[in-house]
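Everything numeric here is computed off the predicted structure, so don't read it as measured data. Labels below follow one simple rule: chain letters A, B, ... track the order of the sequence lines, proteins then strands, and each chain is numbered from 1.
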Protein chains: 2
Amino acid sequence: MKALDAIDRRILTMLQANGKATNKEIAGVLGMSITPIYERIKKMEEAGYIKAYAAVVDRDLLGFKLVAYCNVQLKEHSKEYLEQFESQIASLEEVSECYHIAGMFDYLLKVHVQDVEAYRAFLADKLAALDNIGNVQSSFVMKPVKWQLSLPVE
Amino acid sequence: MKALDAIDRRILTMLQANGKATNKEIAGVLGMSITPIYERIKKMEEAGYIKAYAAVVDRDLLGFKLVAYCNVQLKEHSKEYLEQFESQIASLEEVSECYHIAGMFDYLLKVHVQDVEAYRAFLADKLAALDNIGNVQSSFVMKPVKWQLSLPVE
DNA sequence: TGTGAAAGACATCGCGA
DNA sequence: TCGCGATGTCTTTCACA
(Lines give C-alpha, C1' and ligand atoms only; values in the text may rest on other atoms or scores of the structure.)
Protein backbone atom coordinates (compact mmCIF):
# COMPACT_ATOMS: atom_id res chain seq x y z
CA MET A 1 0.00 0.00 0.00
CA LYS A 2 1.18 3.50 -0.80
CA ALA A 3 1.50 6.21 1.78
CA LEU A 4 -1.65 7.56 3.32
CA ASP A 5 -3.27 10.62 1.85
CA ALA A 6 -5.19 13.32 3.68
CA ILE A 7 -8.48 11.46 3.40
CA ASP A 8 -7.01 8.28 4.88
CA ARG A 9 -5.66 10.29 7.77
CA ARG A 10 -8.97 11.94 8.47
CA ILE A 11 -10.59 8.51 8.50
CA LEU A 12 -7.95 7.29 10.94
CA THR A 13 -8.56 10.24 13.20
CA MET A 14 -12.27 9.49 13.30
CA LEU A 15 -11.74 5.78 13.92
CA GLN A 16 -9.28 6.43 16.70
CA ALA A 17 -11.86 8.61 18.40
CA ASN A 18 -14.67 6.17 17.76
CA GLY A 19 -13.94 2.67 16.56
CA LYS A 20 -17.63 2.08 16.00
CA ALA A 21 -18.10 5.00 13.63
CA THR A 22 -20.03 3.68 10.65
CA ASN A 23 -18.89 4.09 7.09
CA LYS A 24 -21.99 6.14 6.54
CA GLU A 25 -21.09 8.60 9.31
CA ILE A 26 -17.54 8.96 8.05
CA ALA A 27 -18.73 9.36 4.48
CA GLY A 28 -21.11 12.09 5.63
CA VAL A 29 -18.43 14.05 7.44
CA LEU A 30 -15.99 13.77 4.55
CA GLY A 31 -18.60 14.46 1.89
CA MET A 32 -18.02 11.21 0.04
CA SER A 33 -20.03 8.10 -0.63
CA ILE A 34 -19.78 4.95 1.43
CA THR A 35 -17.84 2.66 -0.88
CA PRO A 36 -14.51 4.52 -0.99
CA ILE A 37 -14.59 4.85 2.80
CA TYR A 38 -15.15 1.14 3.08
CA GLU A 39 -12.33 0.32 0.71
CA ARG A 40 -9.86 2.72 2.28
CA ILE A 41 -10.50 1.30 5.72
CA LYS A 42 -10.15 -2.23 4.39
CA LYS A 43 -6.79 -1.38 2.85
CA MET A 44 -5.52 0.29 5.99
CA GLU A 45 -6.51 -2.76 7.99
CA GLU A 46 -4.76 -5.10 5.59
CA ALA A 47 -1.65 -2.95 5.43
CA GLY A 48 -1.48 -2.89 9.22
CA TYR A 49 -2.07 0.82 9.75
CA ILE A 50 -5.08 -0.24 11.79
CA LYS A 51 -3.84 -3.00 14.04
CA ALA A 52 -7.03 -3.71 15.94
CA TYR A 53 -10.27 -2.42 17.34
CA ALA A 54 -10.72 -2.44 21.07
CA ALA A 55 -13.21 -1.59 23.76
CA VAL A 56 -11.68 0.82 26.25
CA VAL A 57 -12.72 -0.02 29.78
CA ASP A 58 -12.74 2.13 32.90
CA ARG A 59 -9.90 1.07 35.18
CA ASP A 60 -11.30 2.66 38.30
CA LEU A 61 -14.75 1.12 37.97
CA LEU A 62 -13.16 -2.27 37.48
CA GLY A 63 -11.26 -1.94 40.72
CA PHE A 64 -7.78 -1.15 39.46
CA LYS A 65 -7.29 1.71 41.86
CA LEU A 66 -3.54 1.83 41.60
CA VAL A 67 -1.42 2.41 38.53
CA ALA A 68 2.31 2.43 38.98
CA TYR A 69 5.25 2.97 36.69
CA CYS A 70 8.13 0.84 37.76
CA ASN A 71 11.70 1.47 36.63
CA VAL A 72 13.87 -1.62 36.77
CA GLN A 73 17.60 -1.98 36.60
CA LEU A 74 19.02 -5.43 36.03
CA LYS A 75 22.25 -6.75 37.48
CA GLU A 76 23.42 -8.70 34.45
CA HIS A 77 22.92 -7.46 30.90
CA SER A 78 23.87 -10.41 28.76
CA LYS A 79 21.51 -11.37 25.95
CA GLU A 80 20.29 -14.44 27.79
CA TYR A 81 19.45 -12.49 30.91
CA LEU A 82 17.57 -9.83 28.97
CA GLU A 83 15.52 -12.38 27.08
CA GLN A 84 14.76 -14.29 30.24
CA PHE A 85 13.61 -11.17 32.02
CA GLU A 86 11.44 -10.09 29.10
CA SER A 87 9.64 -13.39 28.79
CA GLN A 88 9.06 -13.57 32.53
CA ILE A 89 7.71 -10.03 32.68
CA ALA A 90 5.42 -10.57 29.71
CA SER A 91 3.65 -13.35 31.54
CA LEU A 92 2.72 -11.20 34.55
CA GLU A 93 -0.88 -10.11 34.20
CA GLU A 94 -0.38 -7.03 36.37
CA VAL A 95 2.05 -5.68 33.78
CA SER A 96 0.14 -4.08 30.93
CA GLU A 97 3.16 -2.46 29.33
CA CYS A 98 6.87 -3.11 29.39
CA TYR A 99 9.56 -1.27 27.46
CA HIS A 100 13.26 -1.76 27.11
CA ILE A 101 14.50 1.77 27.56
CA ALA A 102 17.61 3.84 27.23
CA GLY A 103 18.17 6.13 30.16
CA MET A 104 18.86 5.65 33.81
CA PHE A 105 17.07 2.30 33.99
CA ASP A 106 16.81 -0.76 31.77
CA TYR A 107 13.07 -1.40 31.74
CA LEU A 108 9.94 0.56 32.39
CA LEU A 109 6.82 -1.32 33.50
CA LYS A 110 3.26 -0.10 33.76
CA VAL A 111 1.50 -2.01 36.49
CA HIS A 112 -2.23 -2.13 37.27
CA VAL A 113 -3.29 -3.46 40.65
CA GLN A 114 -6.18 -3.17 43.07
CA ASP A 115 -4.41 -1.21 45.78
CA VAL A 116 -1.11 -0.52 47.51
CA GLU A 117 -1.09 -3.89 49.24
CA ALA A 118 -1.48 -5.65 45.90
CA TYR A 119 1.41 -3.61 44.57
CA ARG A 120 3.55 -4.59 47.51
CA ALA A 121 2.65 -8.22 46.86
CA PHE A 122 3.51 -7.76 43.18
CA LEU A 123 6.92 -6.33 44.01
CA ALA A 124 7.75 -8.81 46.73
CA ASP A 125 6.30 -12.01 45.32
CA LYS A 126 6.60 -11.56 41.59
CA LEU A 127 9.15 -8.95 40.60
CA ALA A 128 11.69 -9.54 43.33
CA ALA A 129 11.27 -13.26 42.82
CA LEU A 130 12.94 -12.97 39.44
CA ASP A 131 16.66 -13.43 39.30
CA ASN A 132 18.77 -10.61 38.16
CA ILE A 133 16.69 -7.72 39.52
CA GLY A 134 18.89 -4.89 40.65
CA ASN A 135 17.50 -1.50 41.50
CA VAL A 136 13.74 -0.79 41.34
CA GLN A 137 12.11 2.61 41.53
CA SER A 138 8.34 3.05 41.49
CA SER A 139 6.16 6.06 40.71
CA PHE A 140 2.50 5.95 41.68
CA VAL A 141 -0.08 7.65 39.52
CA MET A 142 -2.04 10.07 41.70
CA LYS A 143 -4.02 11.72 38.94
CA PRO A 144 -4.23 11.14 35.20
CA VAL A 145 -3.89 14.55 33.61
CA LYS A 146 -4.14 13.41 30.03
CA TRP A 147 -4.79 10.06 28.44
CA GLN A 148 -5.46 9.48 24.80
CA LEU A 149 -5.01 6.38 22.79
CA SER A 150 -4.99 8.22 19.52
CA LEU A 151 -2.02 9.67 17.70
CA PRO A 152 -2.11 12.96 15.78
CA VAL A 153 -2.02 11.49 12.30
CA GLU A 154 -3.20 14.50 10.33
CA MET B 1 -25.78 -1.03 37.86
CA LYS B 2 -24.77 -3.85 40.15
CA ALA B 3 -21.32 -5.36 40.13
CA LEU B 4 -20.27 -7.34 37.10
CA ASP B 5 -20.77 -11.07 37.10
CA ALA B 6 -18.62 -13.68 35.41
CA ILE B 7 -20.50 -13.42 32.12
CA ASP B 8 -20.08 -9.65 31.98
CA ARG B 9 -16.39 -10.07 32.56
CA ARG B 10 -16.01 -12.61 29.81
CA ILE B 11 -17.81 -10.24 27.48
CA LEU B 12 -15.44 -7.44 28.50
CA THR B 13 -12.45 -9.64 27.85
CA MET B 14 -13.66 -10.40 24.36
CA LEU B 15 -14.49 -6.78 23.58
CA GLN B 16 -11.12 -5.59 24.82
CA ALA B 17 -9.45 -8.05 22.47
CA ASN B 18 -11.78 -7.21 19.60
CA GLY B 19 -14.03 -4.20 19.78
CA LYS B 20 -15.74 -5.28 16.60
CA ALA B 21 -16.78 -8.69 17.90
CA THR B 22 -20.45 -9.11 17.02
CA ASN B 23 -23.09 -10.01 19.55
CA LYS B 24 -23.59 -13.17 17.58
CA GLU B 25 -19.95 -14.20 17.94
CA ILE B 26 -19.92 -13.49 21.65
CA ALA B 27 -23.21 -15.31 22.12
CA GLY B 28 -21.77 -18.31 20.32
CA VAL B 29 -18.66 -18.46 22.47
CA LEU B 30 -20.62 -18.08 25.69
CA GLY B 31 -23.37 -20.46 24.63
CA MET B 32 -26.12 -17.88 24.97
CA SER B 33 -28.48 -16.11 22.64
CA ILE B 34 -27.96 -12.66 21.25
CA THR B 35 -30.36 -10.61 23.34
CA PRO B 36 -28.74 -10.98 26.77
CA ILE B 37 -25.36 -10.20 25.24
CA TYR B 38 -26.77 -7.09 23.64
CA GLU B 39 -28.39 -5.95 26.87
CA ARG B 40 -25.37 -6.64 29.03
CA ILE B 41 -23.12 -4.66 26.71
CA LYS B 42 -25.62 -1.81 26.61
CA LYS B 43 -25.72 -1.68 30.39
CA MET B 44 -21.93 -1.75 30.69
CA GLU B 45 -21.70 1.09 28.19
CA GLU B 46 -24.27 3.16 30.07
CA ALA B 47 -22.69 2.45 33.45
CA GLY B 48 -19.31 3.52 32.09
CA TYR B 49 -17.52 0.19 32.36
CA ILE B 50 -16.97 0.50 28.64
CA LYS B 51 -15.78 4.04 28.07
CA ALA B 52 -15.24 3.94 24.33
CA TYR B 53 -14.38 1.92 21.27
CA ALA B 54 -11.24 2.79 19.40
CA ALA B 55 -9.18 1.79 16.41
CA VAL B 56 -5.62 0.97 17.44
CA VAL B 57 -3.14 2.26 14.91
CA ASP B 58 0.45 1.22 14.25
CA ARG B 59 2.78 3.90 15.57
CA ASP B 60 5.77 2.80 13.53
CA LEU B 61 3.95 2.67 10.21
CA LEU B 62 2.58 6.14 10.86
CA GLY B 63 6.06 7.50 11.36
CA PHE B 64 6.21 7.88 15.12
CA LYS B 65 9.58 6.25 15.42
CA LEU B 66 10.40 7.60 18.83
CA VAL B 67 8.49 7.11 22.06
CA ALA B 68 9.88 8.72 25.17
CA TYR B 69 8.86 8.82 28.78
CA CYS B 70 9.70 12.13 30.28
CA ASN B 71 9.90 12.71 34.02
CA VAL B 72 9.35 16.31 35.01
CA GLN B 73 10.05 18.09 38.25
CA LEU B 74 8.53 21.51 38.78
CA LYS B 75 10.10 24.38 40.66
CA GLU B 76 6.98 25.69 42.33
CA HIS B 77 4.24 23.42 43.61
CA SER B 78 1.40 25.76 44.48
CA LYS B 79 -2.06 24.84 43.24
CA GLU B 80 -2.03 27.55 40.58
CA TYR B 81 1.28 26.38 39.15
CA LEU B 82 0.17 22.76 39.03
CA GLU B 83 -3.05 23.62 37.25
CA GLN B 84 -1.27 25.87 34.81
CA PHE B 85 1.27 23.18 33.97
CA GLU B 86 -1.44 20.55 33.52
CA SER B 87 -3.51 22.61 31.15
CA GLN B 88 -0.46 23.59 29.11
CA ILE B 89 0.74 19.99 28.86
CA ALA B 90 -2.68 18.70 27.87
CA SER B 91 -2.67 20.91 24.82
CA LEU B 92 0.59 19.52 23.42
CA GLU B 93 -0.22 17.01 20.70
CA GLU B 94 3.07 15.14 21.18
CA VAL B 95 1.99 14.22 24.70
CA SER B 96 -0.37 11.26 24.59
CA GLU B 97 -0.33 10.64 28.32
CA CYS B 98 0.45 12.73 31.37
CA TYR B 99 0.20 11.66 35.00
CA HIS B 100 0.67 13.49 38.24
CA ILE B 101 2.81 11.04 40.13
CA ALA B 102 4.20 10.39 43.56
CA GLY B 103 7.82 9.43 43.55
CA MET B 104 11.01 11.17 42.57
CA PHE B 105 9.34 13.41 40.02
CA ASP B 106 6.09 15.36 39.79
CA TYR B 107 4.82 14.40 36.36
CA LEU B 108 5.35 11.60 33.89
CA LEU B 109 4.74 12.29 30.21
CA LYS B 110 4.52 9.86 27.33
CA VAL B 111 5.69 11.56 24.17
CA HIS B 112 5.34 10.38 20.57
CA VAL B 113 7.48 12.04 17.94
CA GLN B 114 8.96 11.31 14.54
CA ASP B 115 12.60 11.08 15.58
CA VAL B 116 15.25 12.30 17.97
CA GLU B 117 15.40 15.71 16.37
CA ALA B 118 11.66 16.14 16.84
CA TYR B 119 12.09 15.19 20.47
CA ARG B 120 14.84 17.72 20.91
CA ALA B 121 12.57 20.33 19.39
CA PHE B 122 9.77 19.27 21.69
CA LEU B 123 11.97 19.64 24.75
CA ALA B 124 13.57 22.88 23.71
CA ASP B 125 10.66 24.70 22.11
CA LYS B 126 7.64 23.39 23.97
CA LEU B 127 8.50 21.86 27.32
CA ALA B 128 11.33 24.16 28.30
CA ALA B 129 9.28 27.10 27.10
CA LEU B 130 6.87 26.58 29.96
CA ASP B 131 7.53 28.46 33.16
CA ASN B 132 8.22 26.52 36.26
CA ILE B 133 10.02 23.55 34.72
CA GLY B 134 12.76 22.27 36.98
CA ASN B 135 14.50 19.01 36.37
CA VAL B 136 13.65 16.83 33.34
CA GLN B 137 14.77 13.26 32.79
CA SER B 138 13.91 11.32 29.64
CA SER B 139 13.87 7.61 28.87
CA PHE B 140 13.71 6.49 25.25
CA VAL B 141 11.83 3.37 24.31
CA MET B 142 14.19 1.09 22.42
CA LYS B 143 11.92 -1.91 22.25
CA PRO B 144 8.36 -2.54 23.35
CA VAL B 145 8.43 -5.84 25.23
CA LYS B 146 4.75 -5.94 26.09
CA TRP B 147 1.85 -3.73 25.22
CA GLN B 148 -1.75 -4.49 25.89
CA LEU B 149 -4.64 -2.16 26.21
CA SER B 150 -6.76 -4.69 28.00
CA LEU B 151 -6.98 -5.30 31.71
CA PRO B 152 -7.35 -8.74 33.29
CA VAL B 153 -10.99 -8.39 34.31
CA GLU B 154 -11.82 -12.04 34.85
C1' DT C 1 -10.99 6.47 -7.77
C1' DG C 2 -15.56 7.54 -7.15
C1' DT C 3 -21.09 6.67 -7.33
C1' DG C 4 -25.31 4.16 -6.70
C1' DA C 5 -28.02 0.14 -5.96
C1' DA C 6 -28.84 -4.57 -4.29
C1' DA C 7 -28.12 -8.72 -1.14
C1' DG C 8 -26.90 -10.36 3.11
C1' DA C 9 -25.56 -9.85 8.01
C1' DC C 10 -26.19 -7.46 12.11
C1' DA C 11 -28.19 -4.44 15.75
C1' DT C 12 -32.25 -3.30 17.96
C1' DC C 13 -36.64 -3.86 20.04
C1' DG C 14 -41.16 -6.03 21.01
C1' DC C 15 -43.31 -10.08 23.16
C1' DG C 16 -43.49 -14.44 25.67
C1' DA C 17 -41.51 -17.89 29.10
C1' DT D 1 -33.08 -12.84 32.82
C1' DC D 2 -33.23 -15.33 28.77
C1' DG D 3 -34.93 -16.89 24.01
C1' DC D 4 -37.32 -15.94 19.62
C1' DG D 5 -38.82 -13.32 15.73
C1' DA D 6 -39.64 -8.75 13.08
C1' DT D 7 -37.70 -4.44 11.41
C1' DG D 8 -34.44 -0.99 10.17
C1' DT D 9 -29.56 -0.12 9.50
C1' DC D 10 -25.01 -1.23 8.16
C1' DT D 11 -21.65 -3.85 5.66
C1' DT D 12 -20.19 -5.76 1.55
C1' DT D 13 -20.17 -6.42 -3.30
C1' DC D 14 -21.04 -5.44 -8.16
C1' DA D 15 -21.90 -2.85 -12.39
C1' DC D 16 -20.76 1.54 -14.23
C1' DA D 17 -18.93 6.37 -14.92
Side-chain angles (χ1 to χ4, degrees), chain A residues 1-63 148-154, chain B residues 1-63 148-154:
Chain A
M1 183 178 182
K2 303 169 212 165
L4 303 183
D5 64 12
I7 297 174
D8 292 325
R9 289 172 187 275
R10 292 189 65 186
I11 294 173
L12 273 190
T13 299
M14 294 187 69
L15 285 177
Q16 286 187 105
N18 176 16
K20 274 196 148 38
T22 65
N23 295 340
K24 191 182 176 186
E25 282 172 356
I26 298 172
V29 171
L30 300 192
M32 301 170 65
S33 63
I34 296 172
T35 309
I37 305 296
Y38 170 77
E39 283 172 352
R40 282 167 180 269
I41 293 174
K42 209 73 188 282
K43 279 181 186 166
M44 289 193 284
E45 288 170 355
E46 284 162 3
Y49 288 97
I50 298 172
K51 287 199 294 186
Y53 296 88
V56 181
V57 302
D58 190 296
R59 297 174 232 268
D60 266 348
L61 275 179
L62 286 164
Q148 63 176 33
L149 191 60
S150 59
L151 295 172
V153 295
E154 295 193 56
Chain B
M1 184 179 180
K2 304 170 211 164
L4 304 183
D5 64 12
I7 297 174
D8 292 324
R9 288 171 188 276
R10 292 189 66 186
I11 294 173
L12 273 190
T13 299
M14 293 186 69
L15 285 178
Q16 286 188 103
N18 176 17
K20 274 197 150 32
T22 64
N23 295 339
K24 191 181 175 186
E25 282 171 357
I26 298 172
V29 171
L30 300 191
M32 300 167 69
S33 66
I34 295 172
T35 309
I37 305 296
Y38 169 76
E39 284 174 351
R40 282 166 180 270
I41 293 174
K42 209 74 189 282
K43 279 181 186 168
M44 288 194 285
E45 288 171 355
E46 284 163 3
Y49 287 96
I50 299 172
K51 287 199 293 186
Y53 295 88
V56 182
V57 302
D58 190 296
R59 299 173 231 269
D60 267 347
L61 276 179
L62 285 164
Q148 62 176 32
L149 191 61
S150 60
L151 296 171
V153 295
E154 296 195 55

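In this entry the distance linking CG of B:Leu30 with C1' of D:dG3 reads 15 Å, nearest Å. Per the geometry, CE belonging to B:Met32 stands 16 Å off C1' belonging to C:dA17, to the nearest Å. Look at NZ on B:Lys20: it is 7 Å from P on D:dT11, rounded to the nearest Å. Here C:dA11 presents its P atom at 11 Å from CG of B:Leu15, a figure rounded to the nearest Å. Rounded to whole Å, the distance from CD1 on A:Ile37 to P on D:dC10 is 14 Å.
Checking the phosphate oxygens (OP1, OP2) of C:dT1, no side-chain nitrogen or oxygen of A:Arg40 falls inside 4.0 Å. For the OP1/OP2 pair of D:dT1 and a distance below 4.0 Å, the side-chain nitrogens and oxygens of B:Lys43 include at least one atom meeting the criterion.
Looking at heavy atoms from C-beta onward, A:Lys42 lies in side-chain contact with A:Glu46 at the 4.5 angstrom threshold. Within the 4.5 Å cutoff, no side-chain heavy atoms of B:Leu15 are placed close to those of A:Val57. Proximity of A:Val153 to A:Leu4: side-chain heavy atoms (C-beta onward) are nowhere separated by under 4.5 Å.
Residue A:Ala47 comes nearest to B:Leu61 through the heavy atom pair O-CD1, 3.4 Å, listed as atom of the first residue, atom of the second, then distance. Scanning both residues, B:Gly48 and A:Asp58, for their nearest heavy atoms gives O-CB, 3.3 Å. Scanning both residues, A:Leu12 and A:Met44, for their nearest heavy atoms gives CG-SD, 3.8 Å. Scanning both residues, B:Leu62 and A:Arg9, for their nearest heavy atoms gives CD2-NH1, 4.5 Å. Of all non-hydrogen atoms in A:Gly19 and B:Lys20, the two that sit nearest each other are O-NZ, 3.1 Å.
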Let's test your reading of the pairing rules: Watson-Crick or G-U wobble, both distances under 3.5 Å, then write DNA chain D as a dot-bracket string with ( ), [ ], | and dots. ||||||||||.||||||
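Of the residues in residues 47-58 of chain B, none lies under 4.0 Å from DNA chain D by heavy-atom distance.
B:Thr22 comes within contact range of the sugar-phosphate backbone alone, with a heavy-atom separation under 4.0 Å but no base atom that close.
Listed nucleotides: D:dC10, C:dT3, D:dC2. Nearest to the side chain of A:Lys24: D:dC10.
In this view, A:Glu154 and A:Thr13 satisfy the side-chain hydrogen bond (donor to acceptor under 3.5 Å, both in side chains) rule, not counting sequence neighbours. Judged as a salt bridge (Lys or Arg N to Asp or Glu O under 4.0 Å), and not counting sequence neighbours, the contacts of A:Arg40 are A:Asp5, A:Asp8.
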Sequence neighbours excluded and cut-off under 3.5 Å, please list the side-chain donor-acceptor pairs for residues 23-33 of chain B, or say none.
residue : atom : partner : partner atom : Å
B:Glu25 : OE1  : B:Thr22 : N            : 3.3

A correct 5'-to-3' footprint of nucleotides 12-17 of chain D, with B, S and - meaning base, sugar-phosphate only and no protein heavy atom under 4.0 Å, is BBB---
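Using C1' as the reference atom, D:dA17 and C:dA7 are 22 Å apart when rounded to the nearest Å.
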